[in-house]
Amino acid sequence: MKRIAIVEDEVLVREELIQMIQKAGYEVDALTLFEDVADQLLCLSPDLVLLDLNLPVTSGFQICREIKQKSAIPILVLTSRDQMRDELHALDLGADEYLTKPFRKERLLARIANVLKRYEGRAHLLEGTDFLLDRQTYTLYIHNQSVVLPKNQGKLLEIFLTHGQEVVRKEDLFLALWGTTEFIDENALQVNLTRLKKTMQSMGMRQKITLVRGVGYQLTAGEVPHET
């Protein structure tokens, strides 16, 4: 059974959505605490998020951005904001659908079904700027090509994608590759990073791995000079 997470701070609207979606045959997780919403959703890992934009603490725009930087969870924005610029901004951040309130039950359920259908088989995909990575097989899809990455390269790219724009510490890279931070020769990490960088360059990827001195490494967009 598909599981849908609802992020809606208006109690009456939230309760209406819960009943409607449960009656349609879905499981429901409804958030009632609105701090660290993105982290909550990433932990829940639902099949779909229904996301309001006008939320306490953090806006739905920021939550959408954080989710899409770290996962391929589909997001259906459900909001009273009916301005075209808001819709375009949400879609630019990665939202999959945009529906305004008040809404017809039939329309909402149809949008939910359509998004879930589009995402069938994509639960294990992570999204980069212009590519997808299958985190189960480490298959990289880009520019109508696909290549299976060596295991260590796949692990490295996966951890960079799950961290979004955050810097990944060297210790986290050690753990991802070897499951420990002890007795690891840093040259071994450099070798694996260099191999991944060469693969990314050969595949024409716009994102780059850059060194953040004294901290770790970061996946950055565009033609940013980087150090090995």
Side-chain angles (χ1 to χ4, degrees), residues 1-127 135 158-168 172:
M1 184 182 294
K2 299 293 185 182
R3 192 156 49 90
I4 296 174
I6 298 173
V7 186
E8 168 62 66
D9 64 320
E10 294 185 29
V11 177
L12 293 179
V13 176
R14 184 167 67 237
E15 292 300 320
E16 179 187 1
L17 288 170
I18 290 171
Q19 293 180 20
M20 180 191 308
I21 292 169
Q22 285 179 335
K23 285 182 180 178
Y26 302 105
E27 291 183 8
V28 175
D29 290 309
L31 273 61
T32 56
L33 300 176
F34 299 96
E35 293 188 2
D36 302 317
V37 171
D39 289 339
Q40 291 186 62
L41 292 172
L42 290 169
C43 288
L44 287 171
S45 190
D47 296 292
L48 173 69
V49 174
L50 282 186
L51 178 65
D52 190 14
L53 293 179
N54 297 322
L55 296 168
V57 186
T58 307
S59 77
F61 290 121
Q62 179 62 27
I63 293 166
C64 182
R65 178 187 290 111
E66 293 179 19
I67 291 295
K68 287 299 186 175
Q69 284 176 348
K70 298 183 178 182
S71 80
I73 298 172
I75 295 176
L76 192 162
V77 170
L78 185 62
T79 179
S80 59
R81 299 174 69 149
D82 59 359
Q83 297 296 311
M84 178 65 72
R85 65 175 179 271
D86 292 323
E87 179 174 356
L88 294 177
H89 185 40
L91 295 173
D92 186 56
L93 292 174
D96 299 273
E97 284 283 1
Y98 193 99
L99 189 61
T100 56
K101 303 173 186 174
F103 56 88
R104 292 183 62 88
K105 169 186 172 182
E106 296 81 6
R107 179 169 293 159
L108 174 59
L109 293 177
R111 296 284 181 90
I112 289 173
N114 286 340
V115 174
L116 289 172
K117 186 175 181 180
R118 291 206 307 264
Y119 271 76
E120 284 182 3
R122 295 185 60 182
H124 303 291
L125 293 181
L126 292 173
E127 298 184 38
R135 64 197 307 175
E158 177 183 11
I159 193 170
F160 282 120
L161 288 173
T162 55
H163 277 71
Q165 296 179 344
E166 299 171 2
V167 178
V168 185
D172 292 329

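Starting from 1, each residue takes its place in the sequence as its number.
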If you apply the rule side-chain contact (heavy atoms from CB on, under 4.5 Å), what do you find for F103 with L109, and how did you get there? CA-CA 10 Å; F103 56 88; L109 293 177; over 6 Å; no
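- Residues E106 and R111 are not paired through a salt bridge, judged by the lack of any N-O separation under 4.0 Å between the basic side chain and the carboxylate.
- Residues D47 and L116 share a closest heavy-atom pair of O-CD2, 3.6 Å.
- Put simply, the side chain of T79 does not reach to within 4.5 Å of the side chain of D86, judged on heavy atoms.
- Under the 4.5 Å side-chain criterion, counting only non-hydrogen atoms from C-beta, I67 is not in contact with L51.
- One distance of note links OG of S59 with CG of L53; it measures 7.5 Å at 0.5 Å rounding.
- The minimum heavy-atom distance between L55 and D9, with the atom names listed, is CD2-OD1, 3.8 Å.
- Contact check for L126 versus F160: no side-chain heavy atoms found under the 4.5 Å cut-off.
- Between the side chain of D82 and the main chain of T100, no donor-acceptor pair closer than 3.5 Å is present.
- At least one donor-acceptor pair under 3.5 Å links the side chain of K68 to the backbone N or O of I73.
- The two residues R14 and L31 make their nearest non-hydrogen contact at CD-O, 3.7 Å.
- Looking at E8 and K101, a side-chain N of the basic residue comes within less than 4.0 Å of a carboxylate O on the acidic one, giving a salt bridge.
- For the atom pair CG of L17 and CG of L108, the computed distance is 6.5 Å after rounding to the nearest 0.5 Å.
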Any chance you could lay out the side-chain contact (heavy atoms from CB on, under 4.5 Å) test for I18 and E15, step after step, and finish with the verdict? CA-CA 5 Å; I18 290 171; E15 292 300 320; 4.1 Å; yes
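- Between I6 and D29, the closest side-chain pair of non-hydrogen atoms is not below 4.5 Å.
- Interatomic distance, E97 CD to R107 CZ, rounded to the nearest 0.5 Å: 11.0 Å.
- The main-chain N or O of A110 is found under 3.5 Å from a side-chain atom of N114 such that the two form a donor-acceptor pair.
- H163 places a side-chain N or O within donor-acceptor distance of the main-chain N or O of I159, the cut-off being under 3.5 Å.
- Within the 4.5 Å cutoff, the side chain of F34 has heavy atoms near those of the V7 side chain.
- Q22 CD: more than 12 foreign heavy atoms inside a 6.0 Å radius.
- The side-chain heavy atoms of F61 and H89, taken from C-beta on, include a pair separated by under 4.5 Å.
- For the pair R81 (side chain) and D52 (backbone), a donor-acceptor distance under 3.5 Å is absent.
- Residues T58 and I63 come closest through the heavy atom pair O-CD1, 3.9 Å.
- At a threshold of 4.5 Å between non-hydrogen side-chain atoms, the residues L76 and L99 count as touching.
- In this structure, the separation between CD1 on I112 and CE on M20 is 8.5 Å, given to the nearest 0.5 Å.
- Side chain of Q40 to main chain of L33: a donor-acceptor pair is present (N/O by atom type, distance under 3.5 Å, no hydrogens or angles).
- Side-chain contact, E87 with Q83: no donor N or O sits under 3.5 Å from an acceptor N or O.
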In sequence, state the C-alpha distance, the side-chain angles, and the governing distance for D96 and V77, and then conclude on side-chain contact (heavy atoms from CB on, under 4.5 Å). CA-CA 8 Å; D96 299 273; V77 170; over 6 Å; no
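- C64 and A90 get closest at one heavy-atom pair: SG-O, 4.2 Å.
- Within the 4.5 Å cutoff, no side-chain heavy atoms of L48 are placed close to those of K2.
- A distance of 13.5 Å separates CD1 in I21 from CZ in R3, rounded to the nearest 0.5 Å.
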